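Below is one structure, written out as structure tokens, with a few remarks after it.
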Amino acid sequence: MYAKCGAFQKARQVLDDLPVRDVVTWSSLIAGYTYYGHATEALDCLDQMREEGLSPDPLTYAFVLKACGTTKALDKGKRLHDEIVEKGLHGKDLVLSNCLVDMYAKCGALSAAQEVLEELPERDVVSWSSLISGYAGVGHGEKALHLFEQMQHEGILPTSVTYLSVLKACASIGALDKGKEIHDEIARRGLLVNDVALGSAVVDMYAKCGALPKAQQVLDELPARNIVSWTALIGGYAHQGQGEQALRCFEQMQCEGHSPTAVTLVCVLTACGTIAAVDQGERIHNVIARLGLLETNTLLGNALVGMYVKCGAVAKAQQVLEGLPVQDVVSWNALITGWMQLGEAEQAFKCLDHMQRKGFTPTSVTFLCLLKACGNIGAVDKGEQVHDEIIRQGLLEDDAFLAMAVVEMYAKCGALLKARQVVDELSIEHVVSWNALIAGYAQKGQGEEALDCFASMQAKGILPDAETFVYILKACGTVGLIENAQEYFVTMKSKFGIKPDLEHYSYLLDVFGRAGHLDKAVKVIQKIPFSDNLSAVWSALLDACHKWGDVNVGKWAFEQVRQLDRSDTTVYDIMGKIYAAAGMQHDAENVRSMQRKNSVV
DNA sequence: TTAGGGTTAG
């Protein structure tokens, strides 16, 4: 009774005073500890009962396995598994077997969890849900959805708990269509009526898939909503950069009488950061300080530092960080990012020094940021020091993005030979580091070298991606390789299955535009299969018309673009220049007056 | 006795 009420001291005292103790006594205490999240104490009790010569029964095992899961005590869990097998309990007691699946899943040993499930003579929705939850929890959404299919194939009906994990899986991989399907199924089964958690998970799924109007609609129509449902929506808006919407929801939520939790406040701070709403952020900061939440919550402290950083108030961020009761490497990284973004590489390195003196070890994120700072200001020496440190820590071996950042740093500093050397010496080759190198050559106008890299990477068996072709086309433009560009544009789809996007069309058009082949540039623009955000492409064509003095194509392009978007004033400027350069002052003046009228409207 | 919703740095 005492254990169940969470009165552990009293429960323990009663147990200690008992003249005779048995498995049931101990199990009750262990159950209490486990239930209230005191996993370490639960595991200690197991050792103590063994010292008294008592042997755990299936019930005891169930509780301690749960404790192993919450503390990620995989080794201990494995030993218990062995014991259970030795005692012949495995496969006899489905509840116990499910606890094993769950223990492995929670410890991240997902293949072990799956193995246990597959060996079971019979399994139920809990066995499957445990495994699915494990995969969904670490972001392996595809795998989780696949297991969900398999479960249904065995004729097992999902429960609300299963759906929670499946929705999480959809959210983690942005599987909107699948998520919608699940939502429909849940609604059809009437499960949303009295399950706030499930409703929140649906809101979260839509929000994480970027379908915010739908997320909002679901929240509005929920029979019951709580702080979690609101937080999911606010977090969704914040992540999509829709800070105003997030803050509006935050207001509405409070009007409905829900008090924010630390998690809500983290999301709201993120929202403030996306729209640089430093005043609002400061108000939240005051609320947090008043409630004393920073004492216990590092995440909130980090979010606060991140908010000031994103608002550009980096000095303030530093001040806040220094005053935090608990700091961690994330807040330091946020600060270093802040200085980097302001172009203050010196300050960024000072922070590195500071954090190391405080005993924090820099992570890949720290190095990524410092490399960016060096690249931005061309500090190749500093960059080389960072590179050496990364090698010393052995981080280049398994982090392709860090390798890419090293290459990018050297390339941006103009040390292209060094960049090439790094790529050649990488133990794990990945397309992103080649992309950084090719981009570097393209940026410096060394088109031939860029194409040479492209050949080398393919010779090594690395497949190009969409980004590779962006830089390849750009490289062709810098040296006027028209035929090559056309060929690459065709083969990226035919040979590599990469559908060209707007950026590819823009660079192809630019190749022709730069070379004066305006007829070909026009053909490119006519072939673009999308209609949104085309103004930059039209501007590029007009620029080319200006460069080559082609009034006719210019006039045609000008009319087309005016039908698309009359508010874009830059095209009037260019058209005016084209007329003026051709000596057509009257037409030039006409365009300018159109522009004036337009800006009045 | 078994599965469970919202959060930070690039």
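Bear in mind that the values here come from a model prediction, so they are computed numbers and not experimental data. Proteins come first, then strands; the chains are lettered A, B, ... in the order of their sequence lines, and each starts at number 1.
- Distance CD (A/Gln327) to P (B/dA9): 17 Å, rounded to an integer number of Å.
- Taking only side-chain atoms of A/Ser200, from C-beta outward, the nucleotide of B/dG5, B/dA3, B/dT7 with the closest atom is B/dG5.
- Within 6.0 Å of atom CD in A/Glu154, more than 12 heavy atoms from other residues, nucleotides or ligands are found, so the atom counts as buried in its surroundings.
- Ion pairing between a basic and an acidic side chain is recognised when a charged N comes within 4.0 Å of a carboxylate O; A/Glu256 and A/Arg225 show such pairing.
- Using a 30° and 60° split on the angle between ring planes, A/His81 and A/His90 fall in the perpendicular class, above 60°.
- Nearest nucleotide to the side chain of A/Val126, out of B/dG5, B/dA3, B/dT8: B/dA3.
- One cannot find a donor-acceptor pair under 3.5 Å joining the base of B/dG6 and the side-chain atoms of A/Ser229.
- Every residue two or more places apart in sequence or in another chain that forms a salt bridge (Lys or Arg N to Asp or Glu O under 4.0 Å) with A/Glu149 is listed here: A/Lys178.
- Closest contact between the side chain of A/Val263 and the listed nucleotides B/dT7, B/dG4, B/dG10 involves B/dT7.
- Scanning atom types as modelled, no donor and acceptor separated by under 3.5 angstrom connect the side chain of A/Ser165 and the base of B/dG4.
- Taking the side chain as every heavy atom from C-beta outward, A/Tyr206 and A/Leu212 never approach each other to under 4.5 Å.
- Look at CG on A/Asp399: it is 15 Å from P on B/dG10, rounded to the nearest Å.
- You'll find that the side chain of A/Lys168 is closest to B/dG6, out of B/dG6, B/dT1, B/dA3.
- Closest approach to the A/Leu59 side chain among B/dG10, B/dA3, B/dT1 is made by B/dT1 (side chain taken as heavy atoms from C-beta onward).
- More than 12 heavy atoms of other residues, nucleotides or ligands sit less than 6.0 Å from atom NZ of A/Lys87.
- Of the candidate nucleotides B/dT7, B/dG5, B/dG6, B/dT7 has the atom nearest to the side chain of A/Cys267.
- Taking the centre of each ring, A/His285 and A/Tyr308 come in below the 6.0 Å mark.
- The phosphate of B/dT8 has OP1 or OP2 within less than 4.0 Å of a side-chain N or O from A/His239.
- Proximity of A/Ser130 to the phosphate of B/dT2: no side-chain N or O atom is located under 4.0 Å from OP1 or OP2.
- Dashed line: the shortest gap from a side-chain N or O of A/Lys208 to OP1 or OP2 of B/dT7 is under 4.0 Å.
- Atoms CG (A/Asp124) and C1' (B/dT1) sit 13 Å apart, rounded to a whole Å.
- Between B/dT1, B/dG10, B/dG5, one nucleotide has an atom nearer to the side chain of A/Lys372 than all others, and that is B/dG10.
- One cannot find a donor-acceptor pair under 3.5 Å joining the base of B/dG5 and the side-chain atoms of A/Asp195.
- The A/Cys369 side chain lies nearest to B/dG10 when the options are B/dG10, B/dA3, B/dG6.
- Across residues 281-317 of chain A, A/Leu299, A/Asn302, A/Lys310 each have a non-hydrogen atom less than 4.0 Å from an atom of DNA chain B (numbered order).
- The listed nucleotides are B/dT2, B/dA9, B/dA3; the one nearest the side chain of A/Val95 is B/dT2.
- The side chain of A/Asp204 approaches B/dG6 more closely than any other nucleotide in the set B/dG4, B/dG6, B/dT1.
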